[in-house]
There are 2 protein chains.
Amino acid sequence: MSVENTEQSVGKVVPQMADFDTPLVLRSGRVLDSYRLMYETYGTLNDRRDNAILVCHALSGNHHAAGYHHEDDKNPGWWDGAIGPGKPIDTNHFFVIALNNLGGCDGSTGPASIDPATGKPFGPDFPVMDVSDWVQSQARLIDRLDIRCLAAVVGGSLGGMQALRWAIDFPDRLRHCVMIASAAKLTAQNIAFNEVARQSIMKDPQFCDGRYLDAGVYPKQGLSLARMLGHITYLSEDSMREKFGRDHKSGTLNFNYDVDFQIESYLRYQGEHFSHRFDANTYLLMTKALDYFDPAADFDDDLVACLAQATCGFLIVSFSTDWRFSPERSEELVNALMEAKKSVAYMEVDAPQGHDAFLFPIPDYFSLLSIYLKQALVAEAQT
Amino acid sequence: MSVENTEQSVGKVVPQMADFDTPLVLRSGRVLDSYRLMYETYGTLNDRRDNAILVCHALSGNHHAAGYHHEDDKNPGWWDGAIGPGKPIDTNHFFVIALNNLGGCDGSTGPASIDPATGKPFGPDFPVMDVSDWVQSQARLIDRLDIRCLAAVVGGSLGGMQALRWAIDFPDRLRHCVMIASAAKLTAQNIAFNEVARQSIMKDPQFCDGRYLDAGVYPKQGLSLARMLGHITYLSEDSMREKFGRDHKSGTLNFNYDVDFQIESYLRYQGEHFSHRFDANTYLLMTKALDYFDPAADFDDDLVACLAQATCGFLIVSFSTDWRFSPERSEELVNALMEAKKSVAYMEVDAPQGHDAFLFPIPDYFSLLSIYLKQALVAEAQT
């Protein structure tokens, strides 16, 4: 092996588009006649075409997972810390594919796209997506890239659910499933938070029953509220205390309903910023996909029987202070995988950041991810 | 002691009003020239006038804590399980006073009341209240009832904060402070949830900068969202799973944005119901009082020095699954009370209900409350 670039960026990347004309039959029974997927790739596909890793995004992510789009880009892709030469998902060894999911709002066909049947944005007519629909559409992208079997499917949160669905629906098309800060299904509390977020958006008068683009308005307030609420659940109580505590914005209490505390200011900023860049119908769609995810439901709620479909190896990672997808949820999955006699590695990473931890370069977590993927590569090269 | 009524209701009760004309100087520096407090009493004040217990309400409570308002009243007062003959706050022994706090919306002067200066509802001009303002106004009510020293001040959640404030601000006017599912101050996460609730209300176009009554409209959607969010934090994750799990509302998934799961239906109902009965400006005011509560702030953040002001005995109760005001928050308080050499009894009650547990007749909790208050009475009769 020659000298490698370590801890560097994949550099400038150009998003690519793949158009599909074969109708996609969705879990809802509805059919998407044609669609586009926006994606990026990093690293080089080897001659055996067996070193590809598919990275699946979470609620608000997209295809831009690593690198930069132009020279003076201030922010790299959303998982730039993990993807690159010498990084845990090492582009010196792997060919990495990241896409914007169907129903998204960053270039793939979604509610804000033009419906060819009407010439107007789909809006609320865009079908509700299930994680299995995404995996099906992703498999077609993998076909298009002429890849038979992925080295791994990797994802955090909702991305981890896609990885698990791959393992169940396409067992012979991946060798490893990496689920980070995820779960086999949402709890009632998770669904409850999603429902409040959806109601925030749908009750915004500017939502216009989802036809806000036609109406030339935008449910900014509702989307902002949804994001504020989301942020509370992404952070641990401890990290919120560390970051903001009860610090005042201006030194004293105002005795009015403006911002008194730093945490209020932070949330308002996060909500405001997000509401400028994200499509409200996509937000609804992503939260429903989360709520609906429950692969064991097709097996009489028997998770072990469900996981018996899989043939790949599993790496499951949870974070000690993640209360949105707590370590207990990961442990349920690990126990079921062991009962189903699957190969599974598990680590609960001690980290203060809460659910957001999956995006941080935490040494124990990144070492594990790096070692797991590298060993997988070595083991397979020897077979 | 003669035969007592046990486990019975206080029966039919009639709310009373007390009007005050002496200006009340608030912590904000503003002055309320006159105000009315709506209250109820249960049991009989003894000749020594020393058997009175003041019950303070939480965010959405009021003066109607026990009994019925008319014969075919479907629901008794909000803490009827705890207050009555033979019940933990035993009206065979104690004279119980419950009031609607200033700024409330159930008869006491608040944002929906008519401002004598303008002849219109106060609305957003009603001053932001601090817990110390409430305690001051409550002390005047106790004066009016010609009670020098309360046997106890008792409250859950925000009500517990009022009890603590009594112990600090009026040390010689109560013999016992009972704080249930409460804390010495909110965490950043608590404030964050309150801020999202406030933003839900204030961003509702029908909020009209708080002048919705003048405008003849009502921010129903915002208030409903705030309540939905509140309910998530009142229940433990486990109790939500027990009550709702992932049960579907109609047997199958809808693949649209209507209600799919029982938990969604429950939250929507709670939000809708609440938005018909509660004043939006009062909701804002109550959450700010929660956020601002931090008695140690006046003592350079030294909680021990702050608690040194108190002379009463303390009973602190927390619930194992309460994540809004977790047992850790109560333990911080208990440790500080011990360091301040105060008399303190503490119990973490094992209960699945989350924060809401303080409203439930949980045997261990009710026994403790009953024994603590009865022993206090016996000990004092012997002095």
Side-chain angles (χ1 to χ4, degrees), chain A residues 26-30 124 127-128 130 185-189 191-196 198-200 202-205 210 221-222 224-225 228-229 231-232 235-237 240-247 253-257 259-264 266-268 271 284 288 291-292 294 297 323 326, chain B residues 26-30 124 127-128 130 185-189 191-196 198-200 202-205 210 221-222 224-225 228-229 231-232 235-237 240-247 253-257 259-264 266-268 271 284 288 291-292 294 297 323 326:
Chain A
L26 305 170
R27 192 170 156 224
S28 62
R30 292 182 61 188
V128 171
D130 182 76
K185 62 183 175 189
L186 293 196
T187 63
Q189 191 189 67
I191 295 173
F193 278 119
N194 282 343
E195 170 64 4
V196 176
R198 281 191 295 268
Q199 289 291 310
S200 299
M202 292 165 70
K203 299 285 185 183
D204 186 324
Q221 307 295 6
S224 172
L225 280 172
M228 289 173 75
L229 179 54
H231 263 279
I232 301 180
L235 301 180
S236 71
E237 190 174 1
M240 232 184 220
R241 186 182 300 126
E242 284 280 309
K243 277 172 96 158
F244 309 106
R246 294 179 54 88
D247 291 348
L253 298 175
N254 296 319
F255 289 98
N256 61 31
Y257 300 111
V259 162
D260 278 301
F261 298 96
Q262 290 289 3
I263 178 66
E264 296 171 296
Y266 168 81
L267 288 177
R268 286 189 191 188
L284 299 182
K288 269 290 175 186
D291 290 2
Y292 281 9
D294 185 8
W323 61 277
S326 70
Chain B
L26 305 171
R27 192 169 158 225
S28 61
R30 293 182 61 188
V128 171
D130 182 76
K185 63 182 176 191
L186 294 196
T187 63
Q189 190 189 68
I191 295 173
F193 278 120
N194 282 342
E195 171 64 4
V196 177
R198 279 190 297 267
Q199 289 292 310
S200 300
M202 292 165 69
K203 299 286 185 182
D204 186 325
Q221 306 296 6
S224 174
L225 280 173
M228 288 173 77
L229 179 55
H231 263 279
I232 301 179
L235 301 180
S236 71
E237 190 174 0
M240 232 184 220
R241 186 181 300 127
E242 284 281 309
K243 278 172 97 159
F244 308 106
R246 293 180 54 90
D247 291 348
L253 298 175
N254 296 318
F255 289 97
N256 61 32
Y257 300 110
V259 163
D260 278 301
F261 298 96
Q262 290 289 1
I263 178 65
E264 297 171 295
Y266 168 82
L267 288 178
R268 286 191 190 188
L284 299 182
K288 269 289 174 187
D291 290 2
Y292 280 10
D294 185 9
W323 61 277
S326 70

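Keep in mind that what you see is a predicted model, and the values were worked out from it rather than measured. Sequence lines set the chain letters: A, B, ... in the order given, protein chains first and strands last, and positions in each chain run from 1.
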With chain B, the option among Arg246(A), Met240(A), Lys185(A) that has the most non-hydrogen atom pairs under 4.5 Å is Arg246(A)

Reported CD-to-OG distance for the pair Gln199(A) and Ser200(B), which is rounded to 0.5 angstrom:
11.5 Å

Counting only non-hydrogen atoms closer than 4.5 Å, does Phe193(B) touch chain A with its backbone (N, CA, C, O), its side chain (CB onward), both, or neither?
both

Scored by heavy-atom pairs under 4.5 Å with chain B, the best of Met228(A), Arg198(A), Glu237(A) is Glu237(A)

Could you tell me which of Gly245(B), Ser326(B), Gly210(B) has the largest number of non-hydrogen atom pairs under 4.5 Å with chain A?
Gly245(B)

Does any heavy atom of chain A fall under 4.5 Å from the side chain of Phe261(B), the backbone, both, or neither of them?
side chain

Taking Leu235(A), Val259(A), Leu229(A) one by one, which has the highest count of heavy-atom pairs under 4.5 Å against chain B?
Leu229(A)

Of the listed residues (Asp130(B), Asp204(B), Ile232(B)), which shares the most heavy-atom pairs with chain A below a 4.5 Å separation?
Ile232(B)

Are Arg30(A) and Phe255(B) close enough that some pair of their side-chain heavy atoms sits under 4.5 Å apart?
no

Can you tell which part of Leu26(B) gets under 4.5 Å to a heavy atom of chain A, answering side chain, backbone, both or neither?
neither

Nearest-0.5 Å distance, CG of residue Leu186(A) to CD1 of residue Ile263(B)
12.5 Å

Apply the side-chain contact (heavy atoms from CB on, under 4.5 Å) test between Glu264(A) and each candidate in Val196(B), Asn194(B), Asp291(B); give the one that qualifies.
Asp291(B)

Set out, in order, the CA-CA distance, both residues' side-chain angles and the distance that settles side chain to side chain contact (heavy atoms under 4.5 Å, CB included) for Arg268(A) and Glu195(B), then state yes or no.
CA-CA 9 Å; Arg268(A) 286 189 191 188; Glu195(B) 171 64 4; 2.6 Å; yes

Please identify, among Leu253(B), Asp247(B), Thr187(B), the residue contributing the most non-hydrogen atom pairs under 4.5 Å to chain A.
Leu253(B)

Is chain B contacted by the side chain of Leu267(A), its backbone, both, or neither, given a heavy-atom distance below 4.5 Å?
side chain

Lys288(B) with Asp260(A): basic N within carboxylate O range, under 4.0 Å
yes

